[in-house]
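In what follows, a single structure is set out as structure tokens and then discussed.
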Amino acid sequence: MKRPMEHNSCEPEWTLFGEAPAPVPEVGTSGGVGGVAAEEHPYFKKRIFADEPLKDALDEYVPTACDLLMAEGRAASALLLEAAKAFDAGHLDQCAKAAAQCAAAAWHLLQKSPTEAVLHAHALSHAMLAATEADEQKAMLHADLSLSLCPDLPIAAVHTVMKLCNERCQNVLPILEDGLAWEIPSMLPATAKTPEVQKPIIRKPCSHLSVMGFRDAFLKTQQPGVIEGHLLSAGWSTARWSDLRFWAGRHGHRTIPIEMGFHENDAQSIALQHSDSEGSMRLGDFVRRFLLPSNTVLKNGFVRSSEAIDEWSASPVAYMAQHQLLLQIPELRRDILIPQYCALGELQTVNVWIGTAGTVTALHYDLDDNFLVQVSGYKYLRLYSPAEGERLYARDAPRDRQKKHGASYSPVRVEHPDLEVHPDFAHAAFVETILGPGDMLFIPRRWWHYVRSLTTSISVNFWF
């Protein structure tokens with residue numbers, strides 16, 4: 001899927017856009033432990049798809065999907081078959097009408113029954129809409145939605161449609177104004193929203209921590225730790241990620257899933273979830289509506305100290321959380337390296353997180369070991385050991401519909417707890433840290449963690 005970056009005369013001549021990836025360092029070079037180029041890592045190499053005509057995929061997948069859908073969505077099954085037949089016959093208007101209805105029906109079914117057949121119906125419907133849409137921006141929206149729920153869906157034609165739509169949109173880049181707060185803060189703001197760390201997580205410089213040293217100090221003991229300076233030591237090329245013009249310019253036409261507000265049931269998020277964009281927003285709109293205002297507030301120092309510390313209403317709060325962006329936009333892979341420490345396990349998932357100041361991830365645990373790499377901006381994290389679960393009032397996570405994680409969620413507002421409702425929380429032992437650019441936090445499996453963004457922020461995490 002890798003394609004060389006082509007020069008485009010419409011693209012602003014920022015050296016930020018044109019910087020070449022750093023060479024992959026060996027262990028011990030650059031003063032520390034390096035990494036494996038993401039494009040060369042097996043996790044990504046097995047997710048490269050050859051070009052395939054959409055018609056071939058429809059011939060292969062639609063009959064099976066329609067048969068399986070009969071048990072859970074007869075209407076979606078009929079619409080998918082109608083759209084595929086119209087596409088094959090070249091009746092594009094008829095195809096688009098049936099595909100739009102099928103996509104909406106499949107999206108509804110996915111909220112309660114996310115089976116493979118429904119996922120295929122959703123993806124193939126949006127792929128047909130993208131392939132039949134003359135407007136390149138609308139086509140790109142449907143191409144992104146086709147893979148929004150499963151970016152590594154093993155239907156090569158859907159990836160081909162997305163790649164072709166992206167190439168059409170990148171022919172013309174938007175004009176971006178000068179003088180705006182494009183840069184994500186490189187310094188931690190001294191505000192009432194920045195907590196004082198009193199129980200720090202142990203820190204070690206990457207230059208002094210070999211793979212075996214990490215294994216002995218952290219992995220075997222299942223203790224959290226911050227590895228300082230990893231991005232520099234490993235040779236990541238993510239400097240351009242800190243300039244929002246990169247996202248609004250180069251990738252502003254791409255559509256990503258967005259959560260808004262302080263909590264899961266925020267009215268704006270619910271409205272977006274029920275819109276035609278299926279809970280998603282174009283990256284360019286995300287930058288302008290949320291990330292730029294977040295930067296501006298931080299730059300000008302507008303913070304209301306009367307608010308609870310885990311609330312941030314000086315600018316709107318929004319988050320692209322836990323999204324496999326490197327699968328959706330393959331060219332971003334050239335900018336990162338997989339930490340060599342991950343070789344001590346098997347890499348499961350790579351997510352990107354982009355959000356405003358004030359985004360909060362509620363206290364929870366994951367079933368895999370985790371590296372959280374801070375690329376831009378700052379985050380406050382608090383961790384509790386697995387032994388503290390009872391004091392954290394553990395319960396099933398709201399989104400864990402299949403109950404795979406057990407009691408992995410805590411309802412406690414960590415920095416603003418109601419001790420009348422959760423009195424034992426006051427006795428729960430914890431450690432904490434503030435992650436800044438270049439820091440990498442190891443979070444052992446089943447360790448509870450709470451996260452709050454202190455600035456506009458970009459992170460990458462690796463479950464292994």
Quiz item: Taking atom types as modelled and ignoring hydrogens, do the side chains of Asp144 and Gln328 form a donor-acceptor contact shorter than 3.5 angstrom?
Solution: yes
Quiz item: Do Asn461 and Trp353 have side-chain N/O donor and acceptor atoms under 3.5 Å apart?
Solution: yes
Check: residues 117-124 side-chain donor-acceptor pairs under 3.5 Å, at least two apart:
residue	atom	partner	partner atom	Å
His122	NE2	Glu278	OE1	2.8
His122	NE2	Glu278	OE2	3.3

Exercise. Please step through salt bridge (Lys or Arg N to Asp or Glu O under 4.0 Å) for the pair Glu183 and Lys299, ending with a clear verdict.
Key: CA-CA 10 Å; Glu183 294 284 344; Lys299 183 178 180 180; over 6 Å; no
Quiz item: Mind checking whether Tyr380 and Tyr450 have parallel, tilted or perpendicular rings, split at 30° and 60°?
Solution: perpendicular
Quiz item: Do Arg382 and Phe430 meet the cation-pi criteria used here (NZ or CZ under 6.0 Å from the six-membered ring centre, within 45° of the axis)?
Solution: yes
Quiz item: Side chains of Asp439 and Glu228: does their closest heavy-atom pair fall under 4.5 Å?
Solution: yes
Self-check item: Distance-only polar pair, side chains of Trp241 and Asp335, donor-acceptor under 3.5 Å
Solution: yes
Quiz prompt | Distance-only donor-acceptor check, side chains His253 and Glu136, under 3.5 Å | solution = no
Quiz item: Is there a salt bridge (Lys or Arg N to Asp or Glu O under 4.0 Å) between Arg445 and Asp368 once you walk through the steps?
Solution: CA-CA 5 Å; Arg445 68 190 68 176; Asp368 296 306; over 6 Å; no
Self-check item: Heavy-atom closest contact (Thr132 atom, Ala96 atom, distance)
Solution: OG1-CB, 4.0 Å
Quiz prompt | Val375 versus Pro437, closest heavy-atom pair with distance | solution = O-CB, 3.8 Å
Practice problem: Please examine the side chains of Val36 and Leu337, heavy atoms only from C-beta on, and report whether any two atoms are closer than 4.5 Å. | Solution: no
Exercise. Measure across Leu392 and Pro411 and return the closest heavy-atom pair with its distance rounded to 0.1 Å.
Key: O-CD, 3.9 Å
Practice problem: Please list, chain by chain and in numerical order, all residues satisfying side-chain hydrogen bond (donor to acceptor under 3.5 Å, both in side chains) with Ser459, sequence neighbours excluded. | Solution: Gln374, Lys379
Quiz item: Do the ring centers of Tyr409 and His364 come within less than 6.0 Å of each other?
Solution: no
Quiz item: Does NZ or CZ of Arg47 lie under 6.0 Å from the centre of the six-membered ring of Tyr43, at an angle within 45° of the ring axis?
Solution: yes
Exercise. Compute whether any side-chain donor of one residue and acceptor of the other, for Thr356 and Ser294, lie under 3.5 angstrom apart.
Key: no
Quiz item: Can you list the residues that meet the salt bridge (Lys or Arg N to Asp or Glu O under 4.0 Å) rule with Glu390, with sequence neighbours excluded?
Solution: none
Practice problem: Indicate, with yes or no, if the rings of Phe246 and His251 have centres closer together than 6.0 Å. | Solution: yes
Self-check item: Pair Arg452-Glu415, salt bridge (Lys or Arg N to Asp or Glu O under 4.0 Å): steps then yes or no
Solution: CA-CA 10 Å; Arg452 177 167 63 88; Glu415 295 181 89; 2.6 Å; yes
Quiz prompt | Between Phe371 and Phe464, ring centroids under 6.0 Å | solution = yes
Exercise. State, with a plain yes or no, whether a side-chain heavy atom of Tyr365 is found less than 4.5 Å away from one of Leu367.
Key: yes
Exercise. Work out which heavy atom in Ala357 is nearest to a heavy atom in Leu454; give both atom names and the distance.
Key: CB-O, 3.8 Å
Quiz item: Side chains of Leu54 and Thr160: closer than 4.5 Å at any heavy-atom pair?
Solution: no
Quiz item: Between Leu153 and Glu116, is any pair of side-chain heavy atoms under 4.5 Å apart?
Solution: no
Quiz item: What residue among Asn295, Val297, Thr456 forms side chain to side chain contact (heavy atoms under 4.5 Å, CB included) with Ser315?
Solution: Val297
Self-check item: Modelled atom types, side-chain donor and acceptor of Arg203 and Thr433, under 3.5 Å
Solution: yes
Practice problem: Taking the side chain as every heavy atom from C-beta outward, state whether Pro417 and Phe425 have any pair of such atoms under 4.5 Å apart. | Solution: yes
Self-check item: Shortest non-hydrogen separation from Leu176 to Ala248 and the atoms involved
Solution: CD2-CB, 4.1 Å
